[in-house]
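To keep things clear, I will list the structure first and then write my remarks on it.
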Amino acid sequence: MGNELIVHKGHLPKALLSVRAAQYVRMSTEIQHYSIQNQAAVIAAYAHAHNLTLVRTYKDEGESGLLIKNRPGLLQLMEDVETGQIDFSHLLVYDVSRWGRFQDVDESAHYEFMCKRVGIKVAYCAEQFDNDGTMLASIVKNIKRVMAAEYSRELSVKVYAGQCRFARLGYKPCGNPGYGLVRELVDEKEQSKGVLKRGQRKYLASDHVRVRPGDPREVATVRWIFKRFLEVKCETAVAWELNKKKVPSRSGTPWTRVMIGAILRDESYIGNLIFNRRSWKLRQTHTYNPPEQWIRAEGCLEPIIGRDIFAQVAKFITERRVDLTEEEMLVRLRRTLHKEGKLSVNIINRTSGLPCSATCRTHFGSMRNLYRLLGYTPKRSYEFLESRPLWSVQKTNLTSRIGAAIRRTGCRTSTGGWTDSLRVNGTICVSVRAARWTSGKLVTHSPHWTIQCDAHVPAGWIAAIRLSEHNKAVLDYVLLPTDGKVKRTIRFSEVARKRRSITCFKTADALVRALTRKVTKTGRAFLAMPVLRSRQQKVSQPKTKSGPARH
């Protein structure tokens, strides 16, 4: 990267704050190798001409300007502006379109207003007007924003028309091929230039992408899937057998009925290429197009499956689908409940003739509503769901208090990318969760608390709101460290809490003070802290009296 992006962080007196500036640069695609450098060069020249010192850079590389959610640079800039963590008085931007090509032109104006509201002057270094707040500047800026939005709309129409044209010729315009297939790059003479891996793209306009059979082992697996499905007539059974044989999927995850269903419906395996089943124009909403809008190129691929076998599979799948009214669904579910003596998601999904659990949720709102309509009371209590909105508000408020306390110590905070979490100085992550009360299975068993992590909780600290009996109110607050390897669920009883040194606090203020002290310590203290390990790790650890309790 060029020297233009090197910022000078010299400590300047407060009187010279007016000459300190930050820059925001963005390029929309990875193909524009020099876009960031070109912007930075123009900005550096502008800063030099106006006697400004660049002290910070906010940067988004290869990110579209249509949305803000995938632009960490702009998000960090707005967060610093909102929290007052700024040490500059000027923001230098290449041109008006660098804010983004938002379809709502007021959105980019909103981000500029947020900066101006806290005293930051925004300058557009490559524009032919001064952003001085005059009527002329306001009119020109608004026209530029409309032009940026219109550019994206026109480009979207042109790109879509080009994709449709090449799809009719048998080329694959975009997306990844199915299992057992690969993308092959060919030149204008249809000569192969090699196989494109996942994430790779063509760079020459004269090159195109074909689809052909790939790994012979994957091709054999596809043929086995079609053959086996005609025997067992069940996607779940086929997926189970593949997992039992340890046949790897393309994603590395276990096979599911959805994966098998996608393969069985994919006409690429009989040589047909279908485009425009679903569109996502301007990244607004995914739209499923009707079949008459699909673009079909037949016989443009080397087939893997015979058309007669594919037709048999398609005929069975089509005839198997039966559209039921909600009354008929309830009748069949009551019949299954009477036969099984109970109902669950697994029972519903594996019983032939019943709608799947996802369909039940769509029609009846939730499984609890379905159980009420059936007059069925499951043994598992779902009362904790009633108080879930309360937890959400409590967690959000606690996250805000922790963030404010940490920032008062001089540390920088940012969103950690997880719900209700903070990242401190870019390293330590604080995750805020709720510890749900659960009664013991037997009368003699003591209650325990469960923390649902939803995904891998990053290394750092978990601050949890521990709920009282039946999850009706807040009992207290607990704090526990994690090494980033705890998965899904953390369980502990009151006895286990003391044995595992999970710290308890009566008030949120006490928790916030203790957590602030811990996260502001040196990195060495953070690395040396005890960690909470998952059950999978503990299997290989030697057992000691002071070891962690079982989850």
Side-chain angles (χ1 to χ4, degrees), residues 155-227 229-230 235 238 249-251 255 258-283 286-318:
L155 183 62
S156 174
V157 172
K158 294 176 181 178
V159 169
Y160 175 71
Q163 289 177 336
C164 293
R165 183 169 67 88
F166 284 115
R168 292 188 180 95
L169 296 175
Y171 299 111
K172 188 169 182 61
C174 57
N176 295 311
Y179 181 81
L181 302 173
V182 294
R183 296 180 302 151
E184 183 180 30
L185 186 66
V186 297
D187 59 17
E188 66 275 10
K189 298 180 180 180
E190 293 293 324
Q191 298 298 314
S192 176
K193 299 179 68 175
V195 174
L196 292 175
K197 297 181 180 179
R198 186 178 183 89
Q200 293 181 335
R201 63 181 70 181
K202 73 182 188 71
Y203 287 94
L204 297 180
S206 57
D207 291 344
H208 301 293
V209 178
R210 291 277 191 189
V211 176
R212 66 169 177 80
D215 189 338
R217 291 172 296 183
E218 293 187 359
V219 172
T221 300
V222 171
R223 293 180 176 137
W224 180 87
I225 288 174
F226 277 86
K227 178 182 177 182
F229 178 79
L230 289 176
E235 293 93 333
V238 176
S249 64
R250 175 160 292 179
S251 62
W255 290 90
V258 176
M259 294 181 183
I260 301 301
I263 290 176
L264 296 174
R265 293 172 174 82
D266 192 348
E267 292 190 26
S268 299
Y269 299 115
I270 58 173
N272 298 341
L273 181 66
I274 300 178
F275 177 70
N276 201 39
R277 284 186 176 182
R278 189 174 68 167
S279 56
W280 188 31
K281 297 178 180 178
L282 294 173
R283 297 193 176 186
H286 288 279
T287 302
Y288 288 91
N289 301 316
E292 55 268 20
Q293 295 183 10
W294 295 358
I295 296 175
R296 186 189 302 272
E298 297 188 359
C300 61
L301 281 68
E302 179 184 345
I304 294 178
I305 302 298
R307 290 182 174 269
D308 54 339
I309 296 178
F310 190 89
Q312 294 179 44
V313 171
K315 182 174 182 295
F316 175 80
I317 292 176
T318 302

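Because only heavy atoms are used, hydrogens play no part in the values below, and waters and symmetry mates are left out as well, while side chains stay in.
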* Hey, what's the ring geometry for F229 with F316, parallel, tilted or perpendicular (30° and 60° as the breaks)? -> perpendicular
* Would you call D187-K189 a salt bridge at under 4.0 Å N-O? -> no
* Are any side-chain N or O atoms of N289 and backbone N or O atoms of N276, one a donor and one an acceptor, separated by less than 3.5 Å? -> yes
* To do: Using atom types as modelled and distance alone, determine if a side-chain donor or acceptor of R201 lies under 3.5 Å from a backbone N or O of C174.
  => no
* Contact summary for L273 and C300, nearest pair of heavy atoms -> CB-SG, 3.6 Å
* Does the side chain of S279 come within less than 4.5 Å of Q293's, by heavy atoms? -> no
* Asked: Looking only at heavy atoms, which two atoms of V211 and P177 are closest? And how far apart?
  -> CG1-CB, 4.2 Å
* Test item: R210 side-chain N/O and G170 main-chain N/O as donor-acceptor pair under 3.5 Å -> yes
* **Non-hydrogen atoms of K202 and L196 that approach each other most closely** => N-CD1, 4.5 Å
* Asked: Is the backbone of Q200 close enough, under 3.5 Å, to the side chain of R183 for a donor and an acceptor to pair up by distance?
  -> yes
* How close do W255 and I260 get, heavy atom to heavy atom, and via which atoms? -> CE3-CD1, 3.7 Å
* May I ask you to decide if the ring planes of F166 and H208 are parallel, tilted or perpendicular, using 30° and 60° as cut-offs? => tilted
* Where S268 and L181 come nearest, the two heavy atoms and their spacing -> CB-CD1, 3.6 Å
* Starting at CD1 of I274, measure out to CG of D266 and round the result to the nearest 0.5 Å. => 7.5 Å
* Give a yes or no on whether the backbone of G299 and the side-chain of N272 come within a donor-acceptor separation of less than 3.5 Å. => yes
* Where is the tightest heavy-atom contact between L264 and F310, given as atom of each residue plus distance? -> O-CE1, 3.4 Å
